[in-house]
Amino acid sequence: MDQKEQLLRQSLADIMKKLYSRGLISVYGGNASALLDDNSALFITPSGFNKENLTKEDLVKVDFRSGLALGDGKPSSELKTHMSVYGTNSAVRAVVHAHPTTLVGLCTAGHNFGVYTPEQAILVGKPAVIDFCMGEELAKQASSLCLIYSAVVVKNHGVFAWGSSIMEAYAKIEILEEAAKMVLAGFSVPGMNAFDEQMLEAVRKNYKPGR
Ligand SMILES: [Zn+2]
């Protein structure tokens, strides 16, 4: 296994531990993948594994053309959704899926989720929200949304986010859940507004998030 592969595998295992430790997934929930630079294959979390104890050896290598596993391991059941995003948006190098309870709860209940924080404005934007679906239908919808949005919330389920790196895709989920917690806190005292155009303009001029 070359160094690049080792690094991607380790980063994916690390991000799943982070998702679990931050309460963004349950122990068997969520998945993540990353595409090799030459687009020949991707690494994805295995189906049904305890995500807290995942090691880099547990990651499954999948041929990007055929979608078939190369070697041992059964890929995540969401493989098709990950592949559909890579297949449509060539700028995407990593996809992360989690179950952030506040974000998904608000969206499932019908809240029209806007943009609430500077980090969200610059790094994520407004997420797409779709009705519950799985398998082929989810892959189809993710494919049709991934050029416009950088995250999609699936009602009664979770969120998929993508980006140019594993950390970027992960950060989008953390940022969305942080904003969702603010919205929920704001509901206890009426007056939590989404950003309007003027606020967004001020953020674009003044806010430079860390990399
Ligand atoms: Zn899920």
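Just so it is clear, the values below take in all heavy atoms, side chains as well, and ignore hydrogens, waters and symmetry mates. First listed ligand is number 1; within each ligand, the first listed atom is number 1.
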Salt bridge check: are Arg204 and Glu201 linked by an N-O gap of less than 4.0 Å? yes

Return the CD to CZ distance between Glu177 and Arg22, rounded to the nearest 0.5 Å. 9.5 Å

My understanding is that only residues two or more places apart in sequence, or in another chain, count here; which of them pass salt bridge (charged side-chain N to carboxylate O under 4.0 Å, His left out) with Asp131? Lys155

Looking only at heavy atoms, which two atoms of Ala161 and Ala169 are closest? And how far apart? CB-O, 3.5 Å

Name all pairs fulfilling the ring pair (Phe, Tyr, Trp, His ring centres under 6.0 Å) condition that reach into residues 47-93, sequence neighbours left out, sorted by first residue then second. none

Contacts of Glu136 that satisfy salt bridge (charged side-chain N to carboxylate O under 4.0 Å, His left out) - sequence neighbours left out: Lys80

Just to be careful: counting only protein atoms that are N, O or S, how many fall under 2.8 Å of the Zn ion (ligand 1)? 3

